[in-house]
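Worksheet: the structure to be examined is printed underneath.
In listed order, ligands and their atoms are each counted from 1. Nothing fancy with the numbering, it's 1 onward along the sequence. Bear in mind the structure is a predicted one, so any value in this text is a computation, not a measurement.
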Amino acid sequence: MKILVTGGAGFIGSNVVDAYIAAGHEVVVVDHAGCKTENVHPKAKLYLVDIRSAELEHVFAIERPDIVNHHAAQKSVPRSVEDPKLDADINILGLLNLLENSVRHDVQKVIFVSSGGALAGDAAVIPTPENIEPVMISPYAISKYVSEKYLYFYFVTHGIRYTSLRYANVYGPRQVPEGESGVIPIFMNNLLQRRESTLFAYPDMPKGTTRDYVYVEDVAHANVLALTGGDNQILNIGSGIELYIEDIYHQMEDVVDIHIPLKHASERVGDVRRSVLDCRLAREVLGWEPRVDLKEGLRRTYEYYQVHAF
Ligand SMILES: NC(=O)c1ccc[n+]([C@@H]2O[C@H](COP(=O)([O-])OP(=O)(O)OC[C@H]3O[C@@H](n4cnc5c(N)ncnc54)[C@H](O)[C@@H]3O)[C@@H](O)[C@H]2O)c1
């Protein structure tokens with residue numbers, strides 16, 4: 001199959017590109033100028049094009065992909081709160097540009113990346129399944145949710161099949177320690193630099209909040225399975241395991257064999273207390289299950305960062 005991957009130079013997208021190429025597919029990457037071209041697999045064809053631009057049409061006309069896999073996004077929750085228009089511009093109008101081109105150029109299916117964590121918020125049901133009424137407290141969550149509604153519209157109106165993969169917290173090689181996106185690269189970078197890390201905790205949850213961490217190679221595998229399965233479904237992709245941030249830190253200390261006590265601070269405004277996804281539907285529909293546990297995933301991530309600087 002020929003697959004167009006947007007955001008294919010980013011952390012998760014580039015790992016998905018590697019998995020598609022390993023599975024024998026032809027891959028075209030669309031990412032914008034200034035992206036990390038070094039992440040892009042040498043066998044993939046790279047177009048430096050913004051997903052919002054009119055130029056995108058040329059890529060579709062030349063390449064005529066069978067499948068679009070959409071990883072490009074404005075992915076920062078705080079940034080979406082500061083600038084909801086920018087978030088909607090990239091995440092909603094960018095998606096619509098892709099979908100319009102998909103209609104014009106006979107794309108069969110769109111694999112979209114949503115966010116289980118952002119949509120579940122502090123959900124009443126834990127682990128949280130796909131069919132909860134989403135609690136959306138950020139424009140980022142709203143844009144991911146609205147995108148899923150557009151996918152449905154393009155399916156019923158134009159027959160383009162879709163799968164929306166709602167990721168938990170993804171970690172692994174090529175993730176960068178920036179913003180709120182990853183406590184794992186932030187902690188690992190601090191440990192390797194022999195610096196103290198801060199644990200933000202509610203007074204009644206001294207070990208910090210809880211999260212569901214899934215290894216990027218497992219996420220990439222879900223994207224491979226979604227090429228042929230999970231049509232017109234929304235599927236959670238996580239470990240299904242709820243872990244305290246402090247426990248993750250201690251596992252990481254053991255893996256890198258550097259031990260530095262955590263500094264404790266009060267919770268940050270809006271921090272979701274507990275977050276873990278119910279991923280049984282992905283197992284049922286795609287036959288997908290995470291294969292790399294946290295210890296092994298941290299070990300592989302550490303191995304990567306011993307060779308590649310942050
Ligand atoms: N990292 C996580 O834990 C997580 C969790 C849930 C969902 N997601 C989603 O997964 C996707 C990938 O996230 P990531 O963590 O790999 O982020 P990333 O920043 O590493 O990758 C995003 C890529 O998209 C590109 N991009 C951004 N705006 C673009 C535009 N207008 N035109 C073309 N390219 C553009 C960037 O250059 C980058 O290469 C996003 O949709 C994000 O919302 C990530």
Side-chain angles (χ1 to χ4, degrees), residues 4-18 28-41 44 46-56 59 68-80 83 86-98 101 110-120 138-148 151 164-186 211-220 222-223 234-239 272 275 277 297 301 310:
L4 187 156
V5 181
T6 71
F11 157 48
I12 306 171
S14 65
N15 280 282
V16 170
V17 170
D18 291 355
V28 175
V29 168
V30 168
D31 208 304
H32 65 180
C35 68
K36 296 203 162 93
T37 52
E38 67 275 18
N39 284 346
V40 179
H41 195 292
L46 171 64
Y47 287 89
L48 293 175
V49 168
D50 193 298
I51 53 164
R52 296 164 290 178
S53 74
E55 256 182 277
L56 190 67
V59 181
V68 169
N69 179 299
H70 185 34
H71 273 77
Q74 186 305 107
K75 60 151 194 206
S76 160
V77 173
R79 196 158 172 218
S80 80
D83 194 346
L86 175 77
D87 183 85
D89 193 32
I90 298 173
N91 291 357
I92 299 178
L93 296 181
L95 172 74
L96 290 178
N97 197 23
L98 273 169
N101 277 297
V110 174
I111 299 170
F112 173 72
V113 174
S114 188
S115 169
L119 289 180
S138 69
Y140 172 79
I142 295 168
S143 67
K144 290 291 188 189
Y145 189 64
V146 166
S147 296
E148 291 179 344
L151 292 171
S164 176
L165 301 174
R166 286 188 183 168
Y167 296 165
N169 291 83
V170 187
Y171 74 99
R174 302 192 190 130
Q175 191 172 26
V176 289
E178 65 182 23
E180 93 294 7
S181 64
V183 77
I184 287 183
I186 291 170
R211 292 293 180 267
D212 176 336
Y213 272 91
V214 61
Y215 189 61
V216 70
E217 211 176 278
D218 283 326
V219 169
N223 281 271
I234 295 170
L235 302 171
N236 282 341
I237 299 295
S239 68
V272 169
S275 180
L277 301 180
T301 306
F310 270 112

Note: Tyr140, heavy atoms under 4.0 Å from ligand 1, region reported as side chain
Ligand 1 to Ala9, heavy atom cutoff 4.0 Å, flagged ligand atoms 39 (O)
Honestly, for Ala168 the part within reach of ligand 1 (heavy atoms, under 4.0 Å) is backbone
Atoms of ligand 1 under 4.0 Å from any heavy atom of Cys35, numbered from 1 in the order shown, are 37 (O)
Nearest heavy-atom approach of Arg174 to Asn15 is NH1-N, 3.6 Å
ask   = Does a side-chain heavy-atom distance below 4.5 Å link Val110 with Leu98?
value = no
When Asp87, Asp89, Asp83 are each screened for side chain to side chain donor-acceptor pair (under 3.5 Å) with Gln74, the one that passes is Asp87
For this session: Could you label the plane-to-plane angle of the His70 and Phe112 rings as parallel, tilted or perpendicular, counting under 30° as parallel and over 60° as perpendicular?
Result: tilted
Lys75 side-chain N/O to Tyr140 backbone N/O, donor-acceptor pair under 3.5 Å = no
Taking every heavy atom of Gly297 against every heavy atom of Tyr171, the minimum-distance pair comes out as CA-OH, 3.3 Å
- prompt: Within less than 4.0 angstrom of ligand 1, does Val49 place any heavy atom?
  reply: yes
Restricting to heavy atoms, the pick from Arg52, His71, His32 nearest atom 22 (C) of ligand 1 would be His71
Are any of the N/O atoms on Tyr167, whether in the backbone or the side chain, positioned under 3.5 angstrom from an N/O atom of ligand 1? no
Ranking Asp50, Val170, Ile12 by closest non-hydrogen atom to atom 31 (N) of ligand 1, top hit is Asp50
Restricting to heavy atoms, the pick from His70, Lys144, Lys36 nearest atom 41 (O) of ligand 1 would be Lys144
Side chain to side chain contact (heavy atoms under 4.5 Å, CB included), that's the test. Do Tyr167 and Val214 meet it? Break it down for me. CA-CA 8 Å; Tyr167 296 165; Val214 61; 5.6 Å; no
_ligand 1 contacted by Gly94 (non-hydrogen, < 4.0 Å)_ = no
For Val29 and Ala44 the tightest heavy-atom approach is CG2-CB, 4.1 Å
- Query: Does an N or O anywhere in Val113 fall below 3.5 Å from an N or O of ligand 1?
  - Reply: no
A student checking ligand 1 against Ala72 at a 4.0 Å heavy-atom cut-off should list atoms 24 (O), 26 (N), 34 (N), 35 (C)
Report task. State if Ser114 counts as touching ligand 1 under the rule of any non-hydrogen atom under 4.0 Å. Result -> yes
* Begin with the C-alpha distance, continue with both residues' side-chain angles, and end with the deciding distance and a verdict on side chain to side chain contact (heavy atoms under 4.5 Å, CB included) for Arg211 and Val272. => CA-CA 9 Å; Arg211 292 293 180 267; Val272 169; 3.9 Å; yes
**Message:** Below the 3.5 angstrom mark, is there an N/O of Lys75, backbone or side chain, next to an N/O of ligand 1?
**Reply:** yes
Min N/O separation Ile51 to ligand 1 under 3.5 Å: yes
### Task
Can you establish whether the number of heavy atoms outside Arg52 located under 6.0 Å from its atom CZ is more than 12?
yes
What I want to know is whether Val30 and ligand 1 share at least one N or O pair that is separated by under 3.5 angstrom. no
